[in-house]
Chemist: 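Sharing a structure below in structure tokens format, with a few things to ask.
Atoms within a ligand are numbered from 1 in the order they appear, just like the ligands themselves.
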Amino acid sequence: MKVAGEAMRTIWLEPDGRTVGIIDQTRLPFRYETAALSDLAAMATAITTMQVRGAPLIGAAAAYGMALAMRPDAADGGVEDGDVERAHARLLATRPTAVNLRWALDRMREVLLLTPPSDRLDRAYAEAAAIADEDVEICRSIGRHGLHLIRAAHLRNPDRPVRVLTHCNAGWLATVDWGTATAPLYLAHEAGIPLHVWVDETRPRNQGAFLTAWELGQHGVPHAVIPDNTGGHLMQHGLVDLVIVGTDRTTAKGDVANKIGTYLKALAARDNDVPFYVALPSSTIDWTLEDGVQGIPIEERSGDEVALITGLAGHGGLETVRLVPEGSAVVNYAFDVTPARLVTGLITERGVCSPEDLAQLFPDHQPPAAMGRVPVNDE
Ligand SMILES: CSC[C@H]1O[C@H](OP(=O)(O)O)[C@H](O)[C@@H]1O
């Protein structure tokens, strides 16, 4: 999408054809900074520290991480199978919840192990680029299918904006471009449908206040940042027409793992008859799982993400301050799981479906073994 009027993606290949450029999302919204990553360690760190984040982008970043990993070995006359496996394992360990990470790494491993060692460097970069380009088109398709929902809401009440609540950042910053939950918003805005987006700040990392608000503002989409606990009140008072969120892993039954707090929004939406939609590419579906509450690994992150916050000081510099007493323990679960029974519909690149119709929309989905999920050391 646009940054200061210039079309940008979240990840790209630098002119040297080997270094990978990213937007450093830990610096937004007060600093717009990019980084050039030249090796596997730098990409692994970028994912772990959330310089790049969001399930689809994590997948694309990991794919480029595999390509970066091939560089030194290619110089030694070819990339051995062990080099591929070690890079796969290193990147898989960066974050546990977003299944796009495993999906992209399994795809890269499968392609590379079928490629002669001397050709693996070029092949890795080509496959990573393909994953990134596919993500752009898939998110655009999610936007087109989600646009119908927003247009229908507008036709029901043509005299006022469509009020959409979203949680965390499932925007273009969470993907290579367009976003998942925001793709319908951008297309609706471009179609002239009046919008108002309620942006959950999304403690503790504030992906909503820092990232969603920034990208919507860059694109001129009307929005307001709200404390995480406000959504239920807005829904009770008829101020939300629909909720659209993203997901990091959705099971075959339609249980949805997403940023912590999503489950509570789904409960409030159900209690107030507000449609609750989840936007996702099929690469976020884990066909090997049905029960998400029991089966999806929930990442726990450092308590410092809760206890500390960085913002813009009056002198224009960035400052970090403490919000929690030194002696207090902190627990920081990064995701929760919304049961399929609370999900109105799933907005995918193939269309909108109910959770129970997901397998019907993707009859060609691969069984676990064919997805590369054969029992391996990293299981
Ligand atoms: C389109 S996936 C976005 C998804 O990823 C975010 O998690 P994180 O910022 O920790 O990577 C959040 O759960 C978003 O909904």
Chemist: Distance-only, no hydrogens or angles: does the T310 side chain make a donor-acceptor pair with backbone N or O of T320 under 3.5 Å?
Modeler: no
Chemist: Find out if a path of hydrophobic residues (ILVMFWY) with successive side-chain heavy-atom gaps under 4.5 Å connects V164 to L342.
Modeler: no
Chemist: Tell me whether ligand 1 is touched by D248 - counting only heavy atoms on the residue side and a distance under 4.0 Å.
Modeler: yes
Chemist: Kindly indicate whether a cation-pi arrangement holds for R205 with F210, taking the cut-offs as under 6.0 Å to the six-membered ring centre and within 45° of the axis.
Modeler: no
Chemist: Looking only at protein heavy atoms, which one is nearest to atom 15 (O) of ligand 1, and what is the separation?
Modeler: N258 OD1, 2.5 Å
Chemist: Are the side chains of I285 and H365 in touch, meaning some heavy atoms are under 4.5 Å apart?
Modeler: no
Chemist: What do we get for Q207 next to ligand 1 when only non-hydrogen atoms under 4.0 Å count, side chain, backbone, both or neither?
Modeler: side chain
Chemist: Under 4.0 Å, heavy atoms only, figure out whether ligand 1 is touched by the backbone of R95, its side chain, both or neither.
Modeler: side chain
Chemist: Near A55, which atoms of ligand 1 are under 4.0 Å from a heavy atom of that residue?
Modeler: 2 (S), 5 (O)
Chemist: Looking at D291, I296, V99, which hits side-chain contact (heavy atoms from CB on, under 4.5 Å) with T251?
Modeler: I296
Chemist: Which bit of V245 is near ligand 1, meaning a heavy atom under 4.0 Å away: side chain, backbone, both or neither?
Modeler: neither
Chemist: Going by the side-chain hydrogen bond (donor to acceptor under 3.5 Å, both in side chains) test, name the single residue among E33, R53, Q51 that passes it with Q25.
Modeler: R53
Chemist: Can you tell me if N100 contacts ligand 1 (heavy atom of the residue under 4.0 Å from the ligand)?
Modeler: no
Chemist: Please check whether T180 reaches ligand 1 - meaning an N/O of the residue sits under 3.5 Å from an N/O of the ligand, judged on distance alone.
Modeler: no
Chemist: Check if M50 has a non-hydrogen atom at a distance under 4.0 Å from any atom of ligand 1.
Modeler: yes
Chemist: Are the side chain of R120 and the backbone N or O of T115 linked by a donor-acceptor pair below 3.5 Å?
Modeler: yes
Chemist: Less than 3.5 Å between some nitrogen or oxygen of A170 and one of ligand 1, yes or no?
Modeler: no
Chemist: Taking distance alone, with no angle check, do T175 and ligand 1 share an N/O pair under 3.5 Å?
Modeler: no
Chemist: Within ligand 1, which atoms have a heavy atom of T247 less than 4.0 Å away?
Modeler: 2 (S)
Chemist: Sorted by first residue and then second, give each salt bridge (Lys or Arg N to Asp or Glu O under 4.0 Å) pair with at least one member in residues 261-272; sequence neighbours left out.
Modeler: D200-K265
Chemist: Please say whether more than 12 non-hydrogen atoms of neighbouring residues, nucleotides or ligands are located less than 6.0 Å from OH in Y32.
Modeler: yes
Chemist: Could you work out, with salt bridge (Lys or Arg N to Asp or Glu O under 4.0 Å) as the rule, every residue matching E127, not counting sequence neighbours?
Modeler: R107, R123
Chemist: Could you see which bit of L280 sits under 4.0 Å from ligand 1, with heavy atoms only: side chain, backbone, both or neither?
Modeler: neither
Chemist: For K259 and ligand 1, does the shortest N/O to N/O distance drop below 3.5 Å?
Modeler: yes
Chemist: Test your reading of the model: is there a side-chain donor-acceptor pair from N157 to the backbone of R160, 3.5 Å cut-off?
Modeler: no
Chemist: Under 4.0 Å from any heavy atom of A174, which atoms of ligand 1 are there?
Modeler: 1 (C), 3 (C)
Chemist: Quick test: of every protein heavy atom, which one is nearest to atom 3 (C) of ligand 1, and how far off is it to 0.1 Å?
Modeler: N169 O, 3.4 Å
Chemist: Applying a strict 4.0 Å limit to heavy atoms, is E299 in contact with ligand 1?
Modeler: no
Chemist: Is the shortest distance from a heavy atom of C168 to ligand 1 less than 4.0 Å?
Modeler: yes
